[in-house]
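Throughout, a chain's letter reflects where its sequence line sits, starting with A, and its residues are numbered from 1.
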Protein chains: 2
Amino acid sequence: MKRHVLIFGIVGGLLIATLQYTEYRFVVIEHSVELYGALVAILFAAFGIWLGLRITRRRETIRETVVVREVLVPAKVPAEARALEPFAPNTARQQTLGITARELEILTLVARGFSNREIATQLFVSENTVKTHCARAYDKLGAARRTQAVQRGKELGLLP
Amino acid sequence: MKRHVLIFGIVGGLLIATLQYTEYRFVVIEHSVELYGALVAILFAAFGIWLGLRITRRRETIRETVVVREVLVPAKVPAEARALEPFAPNTARQQTLGITARELEILTLVARGFSNREIATQLFVSENTVKTHCARAYDKLGAARRTQAVQRGKELGLLP
DNA sequence: TGCAAAATCATCCGAAAGGGTGACGACATC
DNA sequence: GATGTCGTCACCCTTTCGGATGATTTTGCA
């Protein structure tokens, strides 16, 4: 958290300096102040949004309400019909295999056909992190490839 | 989500206009551009953070733990559902997509988690051939990766 | 508050996968 | 016989994955 504020300040300062520098060099155009302000506004708004997402990303688990609901699910349903059913991963098996929630989360995205980079973008983490989670999940599932991990995950009731 | 972008634009425009107006009226001192930029930056950073919080806040709702009880359902989903044990691929869809039998055969092996080399060994063909079939299948399925192709194949009823 | 688990990120390297292109033979159809 | 489809294979190049390892930060809990 402290690091966020720090990089916020540093990046902000650098951005302002850069913008000022460029402005002093290219002030020949008209309305440069407006453009300058708009540029700063857009950049910092984007940065702020990113920061807001980043900060609050993990707070969701705090005030969650756990509701236990029982659902009757047909034992065997084809893939097309299964898409609508609420899927509940087999947490018992997940526990015994030692698969963490984050690993399972990434595994579901892998099963949906996303690349590591796409998953990293969606989850606001680096590609390396995704790869680490993947590797651990593969190891715990005894899989050598992502397709194999997906297959195993479906067999074990971990994935929809 | 669209509403957020809308109010973002409106408020942003108002802010810029206000800042320009006030600047033209009161800020005759030196370094007005720097102050102006810093002000805009801070305001928009705060606004961005607020927006980020607002966007993600409503996700902190209820997390329900669903307990699934498997139940044998008679014949709710008729034709495609019952032919599950010996899986019958959706040949109609296969035809319309122009997927050949060989491509589907290789696709099923891909879905089972085999590598191209393993598939080549099993089918007594070269790895290049497997890759060619894969590429054509991916193209016809609109997939960029093998996991995506598997996902699409299952959605379309081509794979078990 | 301190510790263990989990999550995050990085780097290196080799393997796997994917895109593009070209080619050749078998076979069916017209 | 010309045409088209399918299966087969090869080459080159780029991207993506995976394995191994080490490190730091965050979190949850006792």
Side-chain angles (χ1 to χ4, degrees), chain A residues 1-7 50-51 53-64 66 91 94-107 109-152, chain B residues 63 94-107 109-152:
Chain A
M1 179 62 127
K2 284 194 292 286
R3 207 189 54 200
H4 289 144
V5 181
L6 191 66
I7 61 176
W50 172 81
L51 228 189
L53 290 174
R54 170 117 202 167
I55 288 175
T56 59
R57 177 167 36 113
R58 200 137 296 294
R59 297 290 176 271
E60 301 173 12
T61 56
I62 291 183
R63 36 172 133 156
E64 66 179 8
V66 176
T91 49
Q94 180 186 348
Q95 295 262 327
T96 61
L97 289 174
I99 297 179
T100 69
R102 194 59 158 174
E103 287 161 1
L104 186 58
E105 181 182 8
I106 285 179
L107 209 54
L109 294 178
V110 167
R112 285 206 231 153
F114 293 110
S115 72
N116 288 342
R117 184 162 303 172
E118 290 168 344
I119 295 173
T121 304
Q122 285 187 39
L123 299 182
F124 300 104
V125 297
S126 86
E127 194 178 339
N128 287 312
T129 304
V130 176
K131 287 172 68 174
T132 303
H133 285 305
C134 280
R136 287 183 185 152
Y138 299 164
D139 186 49
K140 290 167 184 173
L141 286 171
R145 282 167 290 283
R146 48 174 49 208
T147 46
Q148 205 174 6
V150 169
Q151 171 70 3
R152 293 276 301 139
Chain B
R63 172 172 305 182
Q94 180 186 348
Q95 294 262 328
T96 61
L97 289 174
I99 296 178
T100 69
R102 192 63 158 171
E103 286 161 2
L104 186 57
E105 182 183 6
I106 286 180
L107 209 53
L109 294 178
V110 167
R112 285 206 233 154
F114 292 110
S115 71
N116 288 342
R117 185 164 303 171
E118 290 168 345
I119 295 172
T121 305
Q122 286 186 38
L123 299 182
F124 301 103
V125 296
S126 85
E127 193 178 339
N128 287 313
T129 303
V130 176
K131 287 170 69 173
T132 303
H133 285 306
C134 281
R136 287 180 186 156
Y138 299 164
D139 186 49
K140 291 168 183 173
L141 285 171
R145 282 166 289 283
R146 52 175 44 209
T147 46
Q148 204 173 9
V150 169
Q151 169 71 2
R152 294 277 300 137

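In this structure, A:Thr129 reaches the C:dC9 phosphate: one of its side-chain N or O atoms is under 4.0 Å from OP1 or OP2. Neither OP1 nor OP2 of C:dA5 sits under 4.0 Å from any side-chain N or O of A:Arg102. Under 4.0 angstrom from either OP1 or OP2 of D:dT16 there lies no side-chain N or O belonging to B:Arg145. For D:dG7, the OP1/OP2 oxygens have a side-chain nitrogen or oxygen of B:Thr100 closer than 4.0 Å. Phosphate proximity of C:dA17 to B:Arg146: present, with a side-chain N or O under 4.0 Å from OP1 or OP2. For D:dA10, one of the phosphate oxygens OP1 or OP2 lies less than 4.0 angstrom from a side-chain nitrogen or oxygen of B:Ser126. Of the side-chain N and O atoms in A:Thr132, none sit less than 4.0 angstrom from OP1 or OP2 of C:dT8.
Atom pair A:Ile119:CD1 and C:dC9:C1' shows a separation of 16 Å (rounding to whole Å applied). Atom pair A:Gln122:CD and C:dT8:P shows a separation of 14 Å (rounding to whole Å applied). Spacing between atom CG of B:Leu141 and atom C1' of C:dG18 amounts to 15 Å, rounded to whole angstrom units. Across the protein-nucleic acid pair, A:Glu118 atom CD and D:dT16 atom P stand 9 Å apart, rounded to whole Å. The separation between A:Gln148 atom CD and D:dG18 atom P is 11 Å, rounded to whole Å. If you measure from atom CG of A:Leu107 to atom P of C:dA7, you get 13 Å, rounded to the nearest angstrom. When rounded to the nearest whole Å, the span between OH of B:Tyr138 and P of D:dT16 equals 15 Å. Rounded to a whole Å, the CD atom of B:Glu105 is 9 Å from the P atom of D:dG7.
Of the options A:Arg136, A:Gln94, A:His133, A:Lys140, a side chain to side chain donor-acceptor pair (under 3.5 Å) to A:Glu103 is made by A:Lys140 and by none of the others.
Considering only side-chain atoms of B:Lys131, the nucleotide from C:dG18, C:dT8, D:dG18 that sits closest is C:dG18. The listed nucleotides are C:dA10, D:dG7, C:dT8; the one nearest the side chain of A:Asn128 is C:dA10.
Where A:Asn116 and B:Leu123 each meet DNA chain D at their nearest nucleotide, the meeting point lying more 5' is that of B:Leu123. In this structure, B:Ala144 and B:Arg117 both approach DNA chain C, and ranking their closest nucleotides by distance from the 5' end singles out B:Arg117.
Between B:Val110 and B:Val150, the closest side-chain pair of non-hydrogen atoms falls below 4.5 Å. Looking at heavy atoms from C-beta onward, B:Glu105 lies out of side-chain contact with B:Thr100 at the 4.5 angstrom threshold. In this structure, A:Leu141 and A:Leu97 have side chains that are in contact, with non-hydrogen atoms separated by less than 4.5 Å.
Judged by distance alone, with hydrogens and angles left aside, B:Arg136 brings a side-chain donor or acceptor within reach of the base of D:dT8, the pair sitting under 3.5 Å.
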Distance-only donor-acceptor hits, side chain of residues 117-126 of chain A, under 3.5 Å, sequence neighbours excluded:
{"residue": "A:Arg117", "atom": "NE", "partner": "A:Glu127", "partner atom": "OE1", "Å": "3.2"}
{"residue": "A:Arg117", "atom": "NH2", "partner": "A:Glu127", "partner atom": "OE1", "Å": "3.4"}
{"residue": "A:Glu118", "atom": "OE1", "partner": "A:Ser115", "partner atom": "N", "Å": "3.0"}
{"residue": "A:Glu118", "atom": "OE1", "partner": "B:Arg145", "partner atom": "NH2", "Å": "3.0"}
{"residue": "A:Glu118", "atom": "OE2", "partner": "B:Arg145", "partner atom": "NH2", "Å": "3.2"}
{"residue": "A:Thr121", "atom": "OG1", "partner": "A:Arg117", "partner atom": "O", "Å": "3.0"}
{"residue": "A:Ser126", "atom": "OG", "partner": "A:Asn128", "partner atom": "N", "Å": "3.3"}
{"residue": "A:Ser126", "atom": "OG", "partner": "A:Thr129", "partner atom": "N", "Å": "3.2"}
{"residue": "A:Ser126", "atom": "OG", "partner": "A:Thr129", "partner atom": "OG1", "Å": "3.2"}

